[in-house]
S.K.: 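Got a structure for you, written out below as structure tokens; questions coming shortly.
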Amino acid sequence: MRIDRLTVRNFKKFKEKTIEFHPQFTVLVGDNGAGKTAVLDALRIGAGAYLLGIPGIPVPAPSIRRDYVRRATRQNGEFSTFEPMMPSEVHCEGSVHQTMHCWKRHLTSLGGWTTRKGVQNLRRCVGRHIQENEPNLTLPLILSYDTGRLWMEPRMTKQSGSAIRSPLGKLSRFDAYRGCLEPATSSEFLRRWIKKMELISNREKRPLSSLHAVFAAVVGCVEGAKQAVYDFELDDIVLDFQGGDRIPFGFLSDGQRSMTALAADIAVRCVQLNPFLKGDAPKITNGVVLIDELDLHLHPNWQRTVISDLTTLFPKLQFVVTTHSPFIVQSLDNQGLVNLSDSGTLEKRKEHLSVEDIAEETMGVDNPQRSKQFQLKEDAARQYYELLDRLNDDSHADVMQAKGKLDEIEARFVDDPAYVAFLKIQRSAAREL
């Protein structure tokens, strides 16, 4: 599965917007409120339409919620109202089971249901492939992670529904879709699944390539890790690091836990969806993975490698992520960038720009080489000296006003004695001219 183009109408902040995506990795950037998370929400609905074609699957496909419908201000008499704009639509174009498809989901009224009329061809395609019961049918991965992924632990359950599935007992391939479009990963499920696979490996006295692939994904995505194992004494996943440290999952930093859980979750679902691929499942499984704020909890050094790590370990997956990090943007290598604060068109990034260039040209940061405080100081000092030089009268009202502003800034930054001394020397020199 791959989504090439998304069009939304009356969806969250967008009246109408079309966005194209890179087949492997697309980074969405933009100011707060530019619509980055809204695009991920629309993609989650679009990609989730695949689930509608699986007969008997206990996982509901996400729909267009009422709070996703765009509102517009209308002036009615003496006061304005905030009215829903209908219909609200999510339209996707892309490849499903190696066939090009267009499909649409839309909501026509706030009290209604998201219709399925626009996904009939998609459902027939999916249902046909699944009902043929091909043992070697590659199922696509569909996953979404939001900013609460580290803290929102889903409830373990054996019941049907959208909650994370239990790893105990025999699992269906389609159980890998449970919880796939919910906000968080389940570290408890991952721990129990890995423990179960280790017990099977020990009982049968043979290594499991599927389990090795999951551990390899963790090591490949966690900076400094050289080995991941299951420690039965600690009853936990343990990471060995290059410096000699051995740290259980629960004692890892937020960034390490976030990436461990994310990499392991992707790999486990690939293995479960396509067990016939064994240890190659993470490298061969295709699909769509959405990640809100990829840089969350990651050190800048790690932000510069995370895209390369993910695309190396999961080369057939299509990632769409959001970020506020110039280091993430800098690491793009012939992959996609969409700036929602600009034109919102897909741009392939090849050149390796400096972080300052990216912050200024792509993210709209004014003069990123200097802090905001420094700019305030510089602007106030320049205005004062320019007025003093032009008017040559330190008692002039404009000069006095500029001096007052400069004195105010001096008082605010008195912890910088060199700066204050410099201003006083400059001021004395200006008076003597």
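Basis for what follows: all heavy atoms, side chains included, without hydrogens, waters or symmetry-related copies.
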S.K.: Could you tell me how the ring of Tyr68 sits relative to the ring of Phe11: parallel (under 30°), tilted (30 to 60°) or perpendicular (over 60°)?
M.R.: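 The arrangement is tilted - the two ring planes meet at 30° to 60°.
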S.K.: Determine, for Arg246 against Asp231, whether the closest basic-nitrogen to carboxylate-oxygen distance falls under 4.0 angstrom.
M.R.: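 Yes, this pair counts.
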S.K.: Answer yes or no: is there a side-chain heavy-atom contact under 4.5 Å between Arg9 and Ser88?
M.R.: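 Arg9 does not reach Ser88 side chain to side chain.
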S.K.: Can you confirm whether Glu204 is buried at CD, in the sense that more than 12 heavy atoms of other residues, nucleotides or ligands lie under 6.0 Å from that atom?
M.R.: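 Enclosed: over 12 neighbouring heavy atoms sit under 6.0 Å from CD of Glu204.
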S.K.: Could you tell me if the side chain of Tyr177 sits less than 4.5 Å from the side chain of Pro140, heavy atoms only?
M.R.: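 Pro140 vs Tyr177: side chains touch.
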S.K.: Flag the pair Asp236 and Arg191 as a salt bridge only when some basic side-chain nitrogen lies within less than 4.0 angstrom of an acidic carboxylate oxygen.
M.R.: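 Judged by the 4.0 Å cut-off on N to carboxylate O distance, Asp236 and Arg191 do not form a salt bridge.
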S.K.: Please check if atom NZ in Lys12 has more than 12 non-hydrogen atoms from other residues, nucleotides or ligands closer than 6.0 Å.
M.R.: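 Count over threshold, so yes.
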S.K.: Please determine whether side-chain hydrogen bond (donor to acceptor under 3.5 Å, both in side chains) holds for the pair Glu293 and Thr322, giving the CA-CA distance in whole Å, both sets of side-chain angles, and the decisive distance to 0.1 Å.
M.R.: CA-CA 5 Å; Glu293 294 192 22; Thr322 72; 5.7 Å; no
S.K.: Would Tyr230 and Phe232 count as a close aromatic pair, with their ring centres under 6.0 Å?
M.R.: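 Aromatic pair counts; centres sit under 6.0 Å.
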S.K.: Please indicate whether His324 has more than 12 foreign heavy atoms, meaning atoms of other residues, nucleotides or ligands, lying under 6.0 Å from its NE2.
M.R.: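 Counting neighbours around NE2 of His324, more than 12 heavy atoms of other residues, nucleotides or ligands fall under 6.0 Å, so yes.
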S.K.: Mind listing the closest non-hydrogen atom pair of Ser201 and Pro207 along with its distance?
M.R.: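 Looks like OG-CA, 3.8 Å.
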S.K.: Any heavy-atom pair between the side chains of Ile142 and Met1 that's under 4.5 Å?
M.R.: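 Side chain of Met1 against side chain of Ile142, heavy atoms only: contact under 4.5 Å found.
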S.K.: Passes side-chain contact (heavy atoms from CB on, under 4.5 Å), Val29 versus Val338? Steps please.
M.R.: CA-CA 6 Å; Val29 298; Val338 174; over 6 Å; no
S.K.: Decide yes or no for Ile328 and Val27: does some side-chain heavy atom of the first lie under 4.5 Å from some side-chain heavy atom of the second?
M.R.: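 When only atoms from C-beta onward are counted, Val27 and Ile328 do touch, with a gap below 4.5 Å.
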S.K.: Any salt bridge between Arg349 and Glu347, counting N to O under 4.0 Å?
M.R.: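 Glu347 and Arg349: salt-bridged.
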S.K.: Can you say whether the rings of Phe314 and Phe319 are parallel (under 30°), tilted (30 to 60°) or perpendicular (over 60°)?
M.R.: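 Taking Phe319 first and then Phe314, their aromatic rings sit tilted (interplane angle of 30° to 60°).
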S.K.: Salt bridge or not for Asp175 and Arg178, using N-O below 4.0 Å?
M.R.: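 Judged by the 4.0 Å cut-off on N to carboxylate O distance, Asp175 and Arg178 do form a salt bridge.
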S.K.: Walk me through whether Thr311 and Gln335 qualify under side-chain contact (heavy atoms from CB on, under 4.5 Å).
M.R.: CA-CA 11 Å; Thr311 53; Gln335 291 144 336; 3.9 Å; yes
S.K.: Is any side-chain heavy atom of Leu190 closer than 4.5 Å to a side-chain heavy atom of Arg192?
M.R.: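 Not touching, per the 4.5 Å side-chain cut-off.
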